[in-house]
Amino acid sequence: MKELLTGNEAVARGAYEYGITIAAAYPGTPSTEILENIAPYDEIYAEWSPNEKVALEVALGAAFAGARSLAAMKHVGLNVAADPMFTSAYTGVNGAFIIMTADDPGMHSSQDEQDNRYYAKFAKIPMLEPSDSQECKEFVGEAVRISEEFDTPVILRLTTRISHSKSLVELGERESVPMKSYKRNAPKYVTIPGNSKVLRVKLEDRLKKLKEYSEKSPLNRIEWGDKKIGIVTSSVSYQYAREVMGDSASYLKLGMTYPLPDELIKEFASQVEEVYVVEELEPYLEEHLKALGIKCHGKDLIPIVGELNPEIVAKGLLGKEPETIKVSIKPAARPPLMCPGCPHRGVFFVLSNKDAVVTGDIGCYTLGSQEPLSAMDTTICMGASVSNGHGFQKAFEKNGINKKVFSVIGDSTFFHSGMTGLLDIAYNKGNSTLIILDNRITAMTGQQENPGTGYTLKGEPTFQADLAKICNAMGIEKVREVNSLDLEQVEAAIDEAMNTTDPMVIIAKAPCALLKREKQPEGKSRIDVDICLQCGLCLQLGCPAIYRDENDNIIIDEYQCNGCTLCQQVCEFDAIETIM
Amino acid sequence: MSDTKSILLVGVGGQGTILASRVLTKGLVAAGYDVKMSEIHGMSQRGGSVSTQIRFGEKVYSPIIGRGTADAIVAFEQMEALRYTDFLKTDGMMVINDYKQPSLPIMIGDAEYPDGIIDELSSKVKTVVFDAADVANNLGNLKVQNIVLLGALIKVMGLDNLDWEAIISREVPAKFKDMNIEAYHKGLELAS
Ligand SMILES: Cc1ncc(C[n+]2csc(CCOP(=O)(O)OP(=O)(O)O)c2C)c(N)n1
């Protein structure tokens with residue numbers, strides 16, 4: 001039976017069919033749906049870990065124990081998980097161990113555009129790159145085989161287009177494999193220097209064997225067409241190249257991109273007149289070909305920045321520009337926004353009126369940096385708000401500058417990697433204020449559970465981490481809990497923070513407006529046009545439900561309004577009321 | 001590939017282009033086509049501009065297209081129709097929902113909602129324009145506006161020979177089946 005699946009759904013199906021029993025991940029676009037689609041299989045234990053390092057270590061531990069396992073993350077997640085990954089190349093595995101990374105060329109929803117193919121080479125771990133959903137499923141099977149045959153972790157690299165495009169997949173049966181037996185084996189699993197020196201040599205030896213495997217593996221194949229042009233490519237770039245060039249070129253399609261098959265590449269190059277490398281992001285393959293002494297085109301024709309598509313490839317290879325329809329009017333931008341009723345909005349509204357530095361973090365609340373709220377100074381990576389803020393505060397203090405510093409972080413991000421920063425503030429006598437925006441869910445990536453929500457990935461009720469107690473235990477005595485939708489409470493806590501010289505935490509709590517299981521505000525807000533003076537203060541909330549109509553009257557779109565009442569609270573003329 | 005057809009569904013995050021594209025792809029798969037579909041998740045969904053690309057034919061390679069190559073575009077919102085016009089083939093078709101949703105720069109007064117979008121587009125390409133919300137409300141439920149738009153798309157793509165009633169029946173809750181089928185027929189009619 002064939003089904004139309006996304007790459008992520010196909011990987012999940014692969015995990016099921018190829019006998020994986022343990023899967024762990026931290027959400028992150030475009031990788032999130034891998035675990036969400038594994039979760040319904042009773043045969044697989046699946047968890048949201050607090051962060052990617054934990055996820056990778058859980059899966060690695062399971063592989064040591066003898067189970068087939070998988071850890072999934074977005075590209076920047078692998079930065080967090082890099083430490084255990086590098087050493088896992090030394091120890092190798094017992095049961096199969098797959099590391100899924102999903103890169104985001106074009107930065108559709110990411111803070112950077114790093115090319116994780118270099119991680120494979122850097123960590124000396126074999127890497128497979130599927131080019132459609134069918135391959136996503138099959139390559140899980142290949143990765144399992146390679147992992148167990150060569151005693152190595154295997155990286156499976158997807159990109160946004162592979163993860164989120166649907167194509168047809170032939171479904172198969174689950175392969176039930178008994179777990180391998182585990183025996184204590186310190187020389188293999190305990191990486192003290194004496195052991196690692198031995199493992200280091202073994203690793204090089206394993207790579208030689210993997211290279212031989214790559215030479216003859218059907219994952220790397222030549223598709224002959226016209227031999228004037230030979231295209232070396234992998235992943236979704238293969239699809240773009242085929243789309244544009246059809247049979248007017250020959251293709252070396254690489255499914256295993258580390259180690260690369262040097263002999264196969266040389267043979268292909270020797271049989272075509274000109275070699276072109278078509279790849280997204282960095283010149284990873286191109287550099288390799290050039291090191292082999294092969295003359296080729298690559299980044300001289302195909303951009304290094306951004307996501308590719310058939311148009312860009314056609315322009316690079318053929319110099320062809322598309323014919324398009326020209327219109328004389330231009331659309332206004334449509335940037336993403338906090339939803340109507342979003343509990344983050346009020347906190348940023350209050351912060352926007354304070355003379356303070358606000359170090360930010362990653363989540364829906366990063367939108368607090370956008371107009372009209374514009375209440376954020378920095379965003380680097382998950383967890384950085386807390387430690388960046390501490391750095392700002394220490395720099396101000398040391399240099400005699402009197403300025404308050406706030407850090408703003410979401411609940412999931414706090415559990416992910418904000419806690420260590422808070423410990424630093426307490427330990428090293430900082431006095432910045434951390435605001436934890438506790439919307440009871442990991443919202444940005446589409447509502448995933450986290451240690452504070454009381455549910456697991458499989459939907460089972462579980463213990464709920466208590467933010468206030470955690471902060472107290474870390475050494476922060478001033479912890480204030482406020483209702484994010486009550487501006488008076490928020491303002492009072494922020495004012496207290498403005499005036500304190502102690503480190504402080506404000507837990508601003510109210511459920512994400514999209515979270516159905518929590519109690520949400522009732523009714524809708526409506527502007528009484530007879531009272532409204534059109535001052536526009538409510539518009540400064542940046543709520544998608546409030547706008548000026550064609551007659552310049554400010555109105556609230558009843559259909560969009562979630563009844564949070566923030567607009568009523570900011571209105572100085574009592575012109576907005578709740579209707580049921 | 002020249003026999004491959006490409007369709008773009010564009011709109012604003014939360015407008016529910018998803019059901020329409022699911023029904024469409026299911027129908028195309030059932031008809032034996034190779035199908036690929038691509039959509040963008042994440043940040044762009046928070047009320048931002050969203051697009052779904054659907055390609056079908058004997059053998060489809062790329063899941064996405066570049067400018068100037070869509071056979072048809074269905075725009076759930078006027079300004080989004082304008083934003084994606086350069087993806088359309090010069091002889092392509094556009095189905096436009098006569099609905100405007102201001103974006104943030106417009107709401108806070110930094111930009112204006114462009115005037116005359118429908119006239120401009122209709123002077124450049126073949127368009128089918130109607131107020132899907134109106135049509136849907138007349139049928140009894142605003143939610144079926146997707147299927148009205150889908151019906152119009154199916155007509156302009158010449159795909160109305162496939163058994164869409166069966167596909168729609170399978171994809172929507174049983175109690176809304178009849179209303180959705182009616183919505184589909186209404187869409188066909190509006191594009192005829
Ligand atoms: C290392 C890393 N992992 C994952 C992500 C993807 N990501 C961005 S924000 C976010 C979750 C934010 O959740 P939370 O902190 O609860 O804020 P909310 O979106 O709910 O406001 C995730 C998983 C990332 N950017 N970096």
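Values reported hereafter were calculated over all heavy atoms of this structure, with side chains retained and with hydrogens, waters and symmetry mates removed. Chain letters run A, B, ... following the sequence lines, proteins first and then strands; every chain starts at 1.
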Less than 4.5 Å to any heavy atom of chain A: does that hold for the side chain of B:Tyr33, its backbone, both, or neither?
backbone

Check each atom of A:Lys326 against the heavy atoms of chain B and say whether the ones under 4.5 Å are side chain, backbone, both or neither.
backbone

Honestly, the part of A:Cys342 sitting under 4.5 Å from a heavy atom of chain B is neither

Which region of B:Gln101, side chain (C-beta onward) or backbone (N, CA, C, O), has a non-hydrogen atom less than 4.5 Å from a non-hydrogen atom of chain A, or is it both or neither?
both

Counting heavy-atom pairs under 4.5 angstrom with chain A, the leader among B:Lys36, B:Met79, B:Arg67, B:Met107 is B:Arg67

So which part of A:Leu4 gets closer than 4.5 Å to some heavy atom of chain B, the side chain, the backbone, both or neither?
side chain

Go through the atoms of B:Val29 and report whether side chain, backbone, both or neither lie under 4.5 Å from a heavy atom of chain A.
side chain

Residue part contacting chain B, namely of A:Gln560, when any heavy atom lies under 4.5 Å
side chain

What part of A:Ile546 gets closer than 4.5 Å to chain B, counting heavy atoms only: side chain, backbone, both or neither?
backbone

Side chain, backbone, both or neither: which part of A:Ser328 has an atom under 4.5 Å from a heavy atom of chain B?
both

Considering only heavy atoms, which portion of B:Ile64 lies under 4.5 Å from any heavy atom of chain A: side chain, backbone, both, or neither?
both

Measure distances from B:Ile54 to the heavy atoms of chain A and classify the residue's part below 4.5 Å as side chain, backbone, both or neither.
neither

Which atoms of B:Asp34 come close to chain A, meaning under 4.5 Å heavy atom to heavy atom: side chain ones, backbone ones, both, or neither?
both

Does any non-hydrogen side-chain atom of B:Ser38 lie less than 4.5 Å from one of A:Arg161?
yes

